[in-house]
Amino acid sequence: MHRIFFIVLCVWVGLSGSLAQTIPPPPQFDPDVLALIDKAKAQMDKGDYEGANITFRQALATKKVLPASMSYFFAKTLFIIHQNQNAKNFVEKYLQLAGRSGDYYEDALALKKMIDDEFEKIKNCEYCNLSGYRYVLCDNCNGLGVTVEECYNCHGNGMVMCPKCIGKGVLIHHDQLGDPIYEPCDLCDTKGYIVCPVCHGKKELSGRCSVCLGTGKKVSDIICNHQPEQ
Ligand SMILES: [Zn+2]
Ligand SMILES: [Zn+2]
Ligand SMILES: [Zn+2]
Ligand SMILES: [Zn+2]
């Protein structure tokens with residue numbers, strides 16, 4: 001009985017203790033983490049956004065508590081290096097964490113609008129994929145979507161050896177005494193070869209391009225400007 005009361009008391013004290021802490025104390029950030037964030041911001045100031053991306057990721061990898069403002073700066077970096085979806089996630093994270101009172105609330109709203117505008121442009125653009133990378137002509141099929149290859153069966157000859165007479169043009173039987181009887185091959189009309197049954201004499205086979213799967217285009221690593229080619 002005492003034991004149960006003790007447990008209930010502990011739970012109650014624990015709950016009321018956490019309820020009392022409605023305003024959490026200001027988080028103590030790890031100095032190494034803060035140093036990484038300062039480094040990343042300096043890289044941003046110099047225009048080295050690829051470098052800043054790496055440094056921000058190092059800060060994330062520490063798994064330590066990070067200041068909310070980092071989400072804003074990281075989002076800005078990600079947007080500039082065209083990682084739009086990641087940028088959107090981080091700017092939304094910032095707005096959610098910092099709220100209206102955040103130091104970068106207006107900036108974050110403006111950034112979010114730029115990201116959303118870019119997504120809208122991508123969605124309406126026929127020249128790029130959903131990540132904003134420009135399509136180029138598939139060089140395997142020259143944009144045709146189909147490739148023409150030498151027929152595998154006749155190796156591009158259009159003709160194959162007659163399978164009935166094995167290329168001889170005649171069929172050889174033997175009479176009861178064992179003497180050979182020659183009969184013209186009816187399948188190849190004595191020629192010894194027939195039109196290739198796979199390509200029907202065309203020597204080539206066409207099929208859907210295996211690189212672009214028939215679309216005639218492939219994604220490049222060029223960031224799309226959503227304008228037709230000049
Ligand atoms: Zn034949
Ligand atoms: Zn063939
Ligand atoms: Zn192709
Ligand atoms: Zn585009």
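Every value quoted in this text rests on a predicted model; they were computed, and no experiment measured them. All ligand and atom numbering here is 1-based and tracks the order in the structure. Index from 1, following the sequence.
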* Check: F90 ring centroid to F74 ring centroid under 6.0 Å ->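 Yes, the ring centres sit under 6.0 Å apart.
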* Test item: N142 side-chain N/O and L144 main-chain N/O as donor-acceptor pair under 3.5 Å ->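 No, N142 side chain to L144 backbone: no donor-acceptor pair under 3.5 Å.
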* To do: Look at the side chain of N124 and the backbone N and O of E120, then say whether any donor-acceptor pair between them is shorter than 3.5 Å.
  =>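 Judged by distance alone, yes, a pair lies under 3.5 Å.
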* Asked: D45 and K41: salt bridge (charged side-chain N to carboxylate O under 4.0 Å, His left out), yes or no, with the steps?
  -> CA-CA 6 Å; D45 289 341; K41 283 197 211 167; over 6 Å; no
* To do: Consider only side-chain N and O atoms of H173 and E183, and report whether a donor and an acceptor are under 3.5 Å apart.
  =>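 Short answer, yes.
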* Asked: Is C154 close enough that one of its N/O/S atoms sits under 2.8 Å from the Zn ion (ligand 2)?
  ->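 Checking C154: at least one N, O or S atom is under 2.8 Å.
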* Asked: N/O/S of C151 less than 2.8 Å from the Zn ion (ligand 2)?
  ->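 Checking the Zn ion (ligand 2) against C151, an N, O or S atom does fall under 2.8 Å.
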* To do: Looking at H226, pick out the N, O or S atom nearest to the Zn ion (ligand 4) and give its name.
  =>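 Closest to the Zn ion (ligand 4) among those atoms: ND1.
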* To do: Please list, chain by chain and in numerical order, all residues satisfying ring pair (Phe, Tyr, Trp, His ring centres under 6.0 Å) with Y104, sequence neighbours excluded.
  =>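 Partners of Y104 under the ring pair (Phe, Tyr, Trp, His ring centres under 6.0 Å) test: Y72, F73.
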* Anything protein N/O/S under 2.8 Å from the Zn ion (ligand 3)? Just list residue and atom, please. =>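 Per the 2.8 Å query on the Zn ion (ligand 3), atoms found are C138 SG, C141 SG, C209 SG, C212 SG.
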* Where the Zn ion (ligand 2) is the corner point, what angle links SG of C196 with SG of C199, to 10°? ->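 If I round to 10°, I get 110°.
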* **K76 atom NZ, over 12 foreign heavy atoms within 6.0 Å** =>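 Atom NZ in K76 is not crowded, with 12 or fewer foreign heavy atoms closer than 6.0 Å.
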* Asked: Of all heavy-atom pairs between S131 and I122, which one has the smallest distance, and what is that distance?
  ->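 Looks like C-CD1, 4.2 Å.
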